[in-house]
Amino acid sequence: DGAELLLYHLPRDGYEIGGARPADERSLPRAWAGIREALVARAATPHVAVFIGADHHAAHPAPARLRELIAALEPDAEVRISSLDEFLIALEEGRPRARIVEGELRDSAGYTWTLQGAHGTRLPLKRRNARAELHLERFGEPLAALAVRAGGRDRRALLGAAWETLVAGHFHDTIAGCTSDLVAAESAARLDAVRATTGEIVVASVHELIGHDPDVARNAAAHEPALAVWNPRVSPSGGVVVADLTFFRRDILVGPPGMRRTGTGKGYRPFALVTPDGAPLPVQVIERRRALERIDAPRHYPDQDVVDAVRVAFEASSIPGHGLVPFRLAAPRALRDPANAVRISGQRVTNGLIEIGMDGDGALELLDVRSGVRLRRLLTLESERDHGDTYTFAPGPGRPRSARARVPVETVAAGPLVGILSARWEALEAVFRLRIELRAGEPLARLTLDITNRARDRRLRARLPLGLAGRPIVAGAAFGLERRHAVAGGSGSRHESVVATAPAQRVLAAADAVGGLAVLVPGHCEYEWTGEGDLLLTLLRSVGQLSRGDLPTRPGHAGWPVATPGAQCIGTDRIELALAPVADTDLEGDRLHRLWERAFLPPAARWIRNAVALRPASGSIELDGEGLVHSAVKPAESGEGIVLRCWNATEVPRPGRWLVTPPPRRAWLTRADEGVETPLRLAAGGTVEFTAPPAGIVTIRIE
């Protein structure tokens with residue numbers, strides 16, 4: 001937004017410059033001379049900070065004695081033990097001779113290490129973290145807030161436990177993957193715990209919102225199965241919904257034999273769904289299989305059954321933002337073609353908006369039917385040697401190898417609501433399984449790529465040639481987008497080679513006036529944008545050492561030489577992404593974020609096989625405002641109410657409003673930490689109106 005912020009630029013040795021300094025009269029003078037020269041010569045004010053903490057160190061054992069000894073060596077200076085806040089306040093008051101620096105501040109070539117290779121290390125762990133964050137932010141928190149607002153239980157303690165467990169894995173070495181395998185395994189277990197806790201919060205909140213009591217249902221004489229469909233976005237959303245349903249076949253009795261008898265059922269029979277107001281919704285059956293299902297009730301023993309599991313698609317009318325609607329079963333109805341119906345022809349699938357197909361070797365071809373722009377050889381797989389460590393990529397001899405394999409393609413679902421192509425092939429010391437999904441009326445293709453990796457010491461990437469040489473790429477970041485030009489990697493210094501790769505969150509996009517492409521992912525990814533206009537997406541970095549001291553790209557050890565066989569990423573991992581044709585006008589404001597929401601936050605369905613009498617959930621939460629991006633709907637940290645958060649994706653002030661039903665009684669503008677509040681006047685009907693400053697984050701609490 002153009003604001004200025006005072007920064008303290010660390011010396012080359014970083015915050016460890018004074019770490020573990022001896023507090024004795026004989027050793028300190030020599031050590032102090034080197035530190036003093038590095039700090040005083042670069043000081044822009046009379047204030048000099050001597051950091052005495054360091055990574056991987058306990059606290060200094062005698063800071064008071066160290067202060068006395070430094071004071072004796074510096075008779076013309078005042079030496080005191082200070083907090084970081086005190087130092088920064090003194091800097092501002094001292095009006096430093098500071099120069100203006102613009103940009104991301106990720107580059108330190110020729111000065112010190114930045115270790116950007118860690119963005120591609122242990123990517124399976126980073127992807128697992130992204131899914132856990134997404135589930136907690138956009139499902140657990142808002143559903144818990146809606147449930148307590150409707151009179152349900154307060155689950156803030158569970159949410160807090162999930163967040164604490166998640167953040168425990170966010171310390172810089174842990175989430176970067178620069179750890180021993182034991183630490184990585186513990187972090188993965190924590191993420192599994194977060195997903196499990198979030199899942200229980202979601203299920204219990206949905207049950208409360210639509211009036212389902214599992215204990216009452218267990219003893220009911222008859223059931224009315226229902227599908228609860230929730231809109232995780234804060235704008236009205238509908239279209240094609242994909243849902244998993246189960247149909248009872250027989251009981252599985254657990255425990256000693258007794259008087260109980262095994263019940264049996266008919267399993268799957270053709271059906272349609274019906275809305276609460278009686279409108280029929282024909283379904284497309286996508287897949288069927290035999291499965292096991294356990295239904296839990298707090299005061300009963302778990303009930304395990306053999307079931308027919310059926311995945312279906314249907315077209316739902318618009319559901320209010322954060323609205324929850326139950327659909328019931330009805331007699332089957334013939335499915336008619338919707339607008340922009342999906343069709344499959346050979347190895348290609350289209351919905352009238354886009355067409356995507358697979359070449360004989362697994363690369364993709366994408367056609368934007370609306371503009372006529374065709375992109376070829378997308379997702380070409382490339383493998384190259386990686387002799388680096390968990391901190392730094394180091395290329396081995398030879399050029400990257402491309403996949404050379406014959407790829408057979410089969411049809412999983414043929415439309416008209418959902419079309420799915422699937423392929424499996426072996427190449428580059430790995431097994432690849434690619435699933436392409438297109439839905440009626442959606443201008444994007446969802447891809448699921450399962451990789452069973454067998455290779456060590458290599459980097460596996462997917463190349464997407466876009467033909468946009470000289471154009472910048474737009475990369476998602478926290479509360480914003482960054483425009484970055486291609487970086488020529490490999491040129492080095494005595495400190496560290498320049499790195500061509502960079503991190504992104506959720507979106508990558510490049511386009512000109514003719515067209516371009518957006519690549520959407522659930523969370524973090526590493527990429528390279530070349531001068532020729534090729535996008536390379538890192539799928540895996542396979543390395544076996546925490547740190548190596550013999551790298552041409554980074555002289556010296558960044559950590560300790562410890563074997564990390566787990567960082568070779570041997571085994572199977574799933575990569576989810578979506579491809580969407582875009583124009584240069586789509587790179588502005590909130591358009592990419594709305595496209596990302598469409599890809600990863602479609603209406604979500606939960607099947608309740610033993611439902612008795614459900615009701616539509618009363619209430620909705622919607623955000624209205626051009627350029628505004630939804631960030632959070634969550635219970636307040638303390639006291640009553642719900643916190644609503646959004647941010648302005650543009651560089652000009654934007655008016656916005658939250659439309660909440662039932663309408664709130666009071667509203668406050670607050671900080672992100674919910675610590676300072678200013679009352680807001682409610683508009684007619686309880687609408688909460690506000691103005692978001694340029695690039696600003698707006699947090700509001702309502703009661």
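Because only heavy atoms are used, hydrogens play no part in the values below, and waters and symmetry mates are left out as well, while side chains stay in.
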Other residues, nucleotides and ligands only: do more than 12 of their heavy atoms fall within 6.0 Å of CD on Glu104?
yes
Tell me, yes or no, whether the heavy-atom count around Glu25 atom CD, taken from other residues, nucleotides or ligands under 6.0 Å, exceeds 12. no
Could you go through residues 517-527 and list every donor-acceptor pair under 3.5 Å that involves a side-chain atom there, pairing it with any protein atom two or more places apart or in another chain?
unit_1: His524; atom_1: NE2; unit_2: His119; atom_2: O; d: 2.9
unit_1: Glu526; atom_1: OE1; unit_2: Thr538; atom_2: OG1; d: 2.6
unit_1: Glu526; atom_1: OE2; unit_2: Gly120; atom_2: N; d: 3.2
unit_1: Tyr527; atom_1: OH; unit_2: Arg484; atom_2: NH1; d: 3.0

| message | Between Glu677 and Arg701 (salt bridge meaning N to carboxylate O under 4.0 Å), is one present in this structure? | response | yes
CZ of Arg454 to CG of Leu428, rounded to nearest 0.5 Å, is 11.5 Å
**OP:** For the pair Asn648 and Thr650, evaluate side-chain hydrogen bond (donor to acceptor under 3.5 Å, both in side chains) and give the outcome as yes or no after the intermediate values.
**Re:** CA-CA 5 Å; Asn648 184 357; Thr650 75; 2.8 Å; yes
Verdict with supporting geometry, Arg548 and Asp389, salt bridge (charged side-chain N to carboxylate O under 4.0 Å, His left out)
CA-CA 6 Å; Arg548 298 177 59 129; Asp389 54 24; over 6 Å; no
Charged N-O contact under 4.0 Å between Arg106 and Glu482: no
query: Asp24 side chain to Ser27 main-chain N or O, any donor-acceptor pair under 3.5 Å?
result: yes
>> Within the structure provided, determine whether Phe690 and Thr699 are in side-chain contact (heavy-atom separation under 4.5 Å).
In response: no
For Ala567 and Asp181 the tightest heavy-atom approach is N-OD1, 3.8 Å
>> Does atom CD (Glu86) have a neighbourhood of more than 12 heavy atoms from anything else shown, all under 6.0 Å?
In response: yes
Check: Quick check: are there more than 12 heavy atoms from other residues, nucleotides or ligands sitting under 6.0 Å from CZ of Arg131?
Finding: yes
Q) Can any side-chain N or O of Glu528 pair as donor or acceptor with the backbone N or O of Leu536 at less than 3.5 Å? A) no
Check: Can a donor-acceptor pair be found between the side chains of Ser542 and Arg456 at a distance below 3.5 Å?
Finding: no
| query | Charged N to carboxylate O below 4.0 Å: is that the case for Arg458 and Asp386? | reply | no
Under a 4.0 Å threshold between the charged nitrogen and the carboxylate oxygen, would Glu74 count as salt-bridged to Arg67? no
Nearest heavy-atom approach of Leu628 to Gly656 is CD1-CA, 3.6 Å
Step-by-step salt bridge (charged side-chain N to carboxylate O under 4.0 Å, His left out) determination, Glu496 to Arg554:
CA-CA 5 Å; Glu496 186 182 30; Arg554 189 210 66 229; over 6 Å; no
Under 3.5 Å, sequence neighbours excluded: what are the donor-acceptor pairs made by side chains of residues 165-176?
unit_1: Thr165; atom_1: OG1; unit_2: Ala161; atom_2: O; d: 2.8
unit_1: His170; atom_1: NE2; unit_2: Asn129; atom_2: OD1; d: 2.8
unit_1: His170; atom_1: NE2; unit_2: Glu133; atom_2: OE2; d: 3.4

d(Ile697 CD1, Cys646 SG) to nearest 0.5 Å is 9.5 Å
*Taking the side chain as every heavy atom from C-beta outward, state whether Ile642 and Leu644 have any pair of such atoms under 4.5 Å apart.*
yes
*Arg645 versus Ser631, side-chain donor and acceptor atoms under 3.5 Å*: no
Is there a side-chain hydrogen bond (donor to acceptor under 3.5 Å, both in side chains) between Arg138 and His630 once you walk through the steps? CA-CA 10 Å; Arg138 303 304 285 267; His630 168 212; 2.7 Å; yes
Sub-3.5 Å donor-acceptor pair from the side chain of Thr198 to the main-chain atoms of Val194, do we have one?
yes
dist Tyr391:OH -> Leu115:CG (nearest 0.5 Å) comes out at 7.5 Å
Q.
Before you tell me yes or no, could you show the steps for Trp163 and Glu141 under side-chain hydrogen bond (donor to acceptor under 3.5 Å, both in side chains), namely the whole-Å CA-CA distance, both residues' side-chain angles and the distance that decides it to 0.1 Å?
A. CA-CA 10 Å; Trp163 273 114; Glu141 283 193 325; 2.8 Å; yes
Any donor and acceptor pair, going by atom type alone, linking the side chain of Asp586 with main-chain N or O of Arg591 inside 3.5 Å? no
Separation between CZ (Arg401) and CG (Leu381), nearest 0.5 Å, reads 11.5 Å
Interatomic distance, CD1@Ile570 vs CG@Leu540, rounded to 0.5 Å, equals 9.0 Å
| query | With a 4.0 Å cut-off, would you call Asp512 and Arg471 a salt bridge? | reply | no
On a heavy-atom basis, the closest approach of Leu508 and Ala475 is CD2-CB, 3.8 Å
Any side-chain donor near an acceptor of the partner, Ser547 and His557, under 3.5 Å: yes
- Do side-chain atoms of Arg459 reach the backbone of Ala394 as a donor and acceptor pair under 3.5 angstrom? no
Keeping Thr564 on the side-chain end and Gly566 on the backbone end, is there a donor-acceptor pair under 3.5 Å? no
| Expected output: side-chain Thr390 to main-chain Cys178 donor-acceptor under 3.5 Å | no
- Taking the side chain from Arg385 and the backbone from Gly396, do they hold a donor-acceptor pair closer than 3.5 Å? no
**Report entry** Side chain Ser108, main chain Thr112, donor-acceptor under 3.5 Å
**Finding:** yes
Is any NZ, NE, NH1 or NH2 atom of the basic residue among Arg461 and Glu382 found under 4.0 Å from an Asp or Glu carboxylate oxygen of the other? no
Can you give the donor-acceptor pairs under 3.5 Å from side chains of residues 2-14 to other protein atoms, not counting sequence neighbours?
unit_1: Arg12; atom_1: NH1; unit_2: Gly110; atom_2: O; d: 3.4
unit_1: Arg12; atom_1: NH1; unit_2: Tyr111; atom_2: O; d: 2.9
unit_1: Arg12; atom_1: NH1; unit_2: His495; atom_2: NE2; d: 3.4

Q) With distance as the sole test, does His47 use its side chain to make a donor-acceptor pair with the main-chain N or O of Thr45 at under 3.5 Å? A) no
Item checked: Lys/Arg cation over aromatic Phe393: Arg541, 6.0 Å, 45° cone -> no
**Prompt:** Going by an N to O cut-off under 4.0 Å, is there a salt bridge joining Glu576 and Arg574?
**Reply:** no
Check: Taking 4.0 angstrom as the limit, do Asp192 and Arg128 come out as a salt bridge?
Finding: yes
Stepwise, does the salt bridge (charged side-chain N to carboxylate O under 4.0 Å, His left out) test hold for Glu597 with Arg506? CA-CA 10 Å; Glu597 284 191 334; Arg506 296 184 175 178; over 6 Å; no
